[in-house]
J.: 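Below: one structure in C-alpha cells.
Numbering of residues begins at 1 and proceeds along the displayed sequence.
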Amino acid sequence: MPPPTLPNTVTPPPLGDTLRALRKTRGWSLDQTAAATGVSKAMLGQIERGESSPTVATLWKLAGGLHISLSQLLEPPPTPPDTLLRDAASLRRQPASDAMLVAPLFPYDPQVGFEVFELTLLPGYTRRSEPHATGVIEYILVTAGAMDVWLDGDWRPLAQGQALRFAADREHGYRNQGKVPAVFHNVIHYPCGHAQSLAEPTIR
C-alpha cells in the first residue's frame, strides 16, 4: 500500500531540471556555471540531460558554486505553515551515485539558517568531503547502527544515540564499516547571508 499523502510533500523535479532552472534564472551559460562550481562543462551537460548521476561531493560543489543550500538542489522548499509534517519514509531516496540514502526532512529555511536531513549510509560506504563554506556547522545524531566521522586527520566512532557537532568548513567525512545501514540526522547550519537570493547571482 502506498504511503499516505502528507501536507507539503511534493514530488521533487529531476536534478537536471533543477540545475538547468537555477542556471537559467541566473542567466549563466554552462561555461559560467563550470567556472563557479568547479564542475566541468561536460559533466554539467550530462547532469542536465539526465545522462549522469553525480556523486554527493559533486552535489556539494554545485550547491556551493550556486550559493544555495544542499536541500535546494534536491527538492523545492515546502510552503511554511505554522506546523509542518514530514515523513522520512516517503522522502527517502538515493539522489546521487553514492551508497547514501537522503531524506530532506526540513529543507533550508533562511529564517533559521539551517536544513535537516536523515542520512543512511549503506554498509561499506566511505566519503571524504571537501570543506564547506566558511562558517558552516554540522550536527550529527546517530539513530541506528554505528558510523565514523573523519575530523582532524582521524576517524571518530559514533554509536547509536551519540551526537557530534563540528565546524564543516574543514575536511570531514563519513563511513560505515558495519554490516547494517547506519542512520543519522544531519543538521547543517549556514552562516547569515550564505544562501543568496536567486536575484543576486555571483560568480566567485
Side-chain angles (χ1 to χ4, degrees), residues 8 10 12-50 52-80 84 86 91 93 95-98 100 102-119 127-140 165-174 186-204:
N8 296 287
V10 295
L15 175 62
D17 292 347
T18 300
L19 176 59
R20 185 183 302 107
L22 290 168
R23 179 173 63 82
K24 290 188 174 181
T25 299
R26 288 162 170 74
W28 289 2
S29 66
L30 286 173
D31 285 323
Q32 289 174 302
T33 307
T37 62
V39 180
S40 71
K41 177 181 177 181
M43 175 60 71
L44 290 170
Q46 292 173 5
I47 294 172
E48 288 194 0
R49 294 190 298 270
S52 176
S53 179
T55 63
V56 172
T58 299
L59 293 180
W60 269 110
K61 285 184 178 181
L62 293 173
L66 292 166
H67 298 285
I68 61 175
S69 65
L70 181 61
S71 61
Q72 287 173 283
L73 271 179
L74 302 180
E75 71 164 73
T79 303
L84 179 61
R86 304 278 280 175
L91 295 166
R93 62 187 185 277
S97 58
D98 307 62
M100 174 192 282
V102 178
L105 295 176
F106 295 104
Y108 176 76
D109 182 345
Q111 293 186 346
V112 296
F114 65 78
E115 58 195 353
V116 182
F117 297 96
E118 179 212 69
L119 301 180
R127 179 175 72 87
R128 298 268 286 275
S129 175
E130 297 179 359
H132 299 325
T134 301
V136 174
I137 298 174
E138 291 196 31
Y139 300 77
I140 291 175
R165 182 188 71 182
F166 62 91
D169 51 5
R170 53 178 165 161
E171 186 183 27
H172 56 284
Y174 311 126
N186 185 202
V187 178
I188 303 177
H189 186 272
Y190 296 86
C192 180
H194 171 70
Q196 296 179 346
S197 166
L198 297 186
E200 301 175 359
T202 302
I203 296 181
R204 56 182 180 177

J.: Write down the atom of G113, the atom of Y108, and the distance for their closest heavy-atom approach.
T.: C-CE1, 3.6 Å
J.: Evaluate the side-chain proximity of R20 to P14: yes if any heavy-atom separation is below 4.5 Å, no if none is.
T.: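 Not in contact.
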J.: Find the distance between CD (Q72) and CG (L22) and round it off to the nearest 0.5 Å.
T.: 8.0 Å
J.: Can you sort out the partners of T55 under side chain to side chain donor-acceptor pair (under 3.5 Å), two or more places apart, ordered by chain and number?
T.: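 Testing T55 for side chain to side chain donor-acceptor pair (under 3.5 Å), a comparison that skips the adjacent residues, returns T58.
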J.: According to side chain to side chain donor-acceptor pair (under 3.5 Å), who are the partners of R170, at least two apart in sequence or on a separate chain?
T.: D152
J.: Counting distance only, does the side-chain N/O of R86 pair as donor-acceptor with the main-chain N or O of A103 below 3.5 Å?
T.: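 No; judged by distance alone, with no hydrogens or angles, the pair does not exist.
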J.: How far apart are the closest heavy atoms of T134 and P191, and which atoms are they?
T.: O-CG, 3.2 Å
J.: Within the 4.5 Å heavy-atom criterion, are P54 and L15 side-chain neighbours or not?
T.: yes
J.: Measuring from I140:CD1 to L119:CG, what's the distance to the nearest 0.5 Å?
T.: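 I140 CD1 to L119 CG: 8.5 Å, rounded to 0.5 Å.
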J.: Within this structure, what is the OH-CG distance for the pair Y190 and L70, rounded to the nearest 0.5 Å?
T.: 5.5 Å
J.: Residues in salt bridge (Lys or Arg N to Asp or Glu O under 4.0 Å) with E130, at least two apart?
T.: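 For E130 there are no salt bridge (Lys or Arg N to Asp or Glu O under 4.0 Å) partners, ignoring immediate neighbours.
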J.: Mind checking the CD1-CG spacing from I137 to D169? Nearest 0.5 Å is all I need.
T.: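 Separation between the atoms: 8.0 Å.
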J.: Take a 6.0 Å sphere around CZ of R128 and say whether it holds more than 12 heavy atoms from other residues, nucleotides or ligands.
T.: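 Atom CZ in R128 is packed in, count exceeds 12.
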J.: Restricting to side chain to side chain donor-acceptor pair (under 3.5 Å), what partner residues turn up for E138, sequence neighbours left out?
T.: H132, H172, Y174, N186
J.: The criterion is side chain to side chain contact (heavy atoms under 4.5 Å, CB included); which residues satisfy it with V116, sequence neighbours excluded?
T.: L105, F106, F114, V187
J.: Roughly how far, to the nearest 0.5 Å, is CG of D98 from OG of S53?
T.: 8.0 Å
J.: Under the salt bridge (Lys or Arg N to Asp or Glu O under 4.0 Å) definition, can you give me all pairs with a residue in residues 60-72, not counting sequence neighbours?
T.: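 Residue pairs passing salt bridge (Lys or Arg N to Asp or Glu O under 4.0 Å), neighbours aside: none found.
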J.: Under the criterion side chain to side chain contact (heavy atoms under 4.5 Å, CB included), I'd like the reasoning laid out for E118 against L91: C-alpha separation, chi angles, the key distance, then a yes or no.
T.: CA-CA 9 Å; E118 179 212 69; L91 295 166; over 6 Å; no
J.: Determine all donor-acceptor pairs shorter than 3.5 Å in which one atom belongs to a side chain in residues 35-48; sequence neighbours excluded.
T.:
| from | atom 1 | to | atom 2 | distance (Å) |
| --- | --- | --- | --- | --- |
| T37 | OG1 | T33 | O | 2.8 |
| T37 | OG1 | V39 | N | 3.2 |
| S40 | OG | M43 | N | 3.1 |
| E48 | OE1 | R23 | NH2 | 2.9 |
| E48 | OE2 | R23 | NE | 2.7 |
| E48 | OE2 | R23 | NH2 | 3.4 |

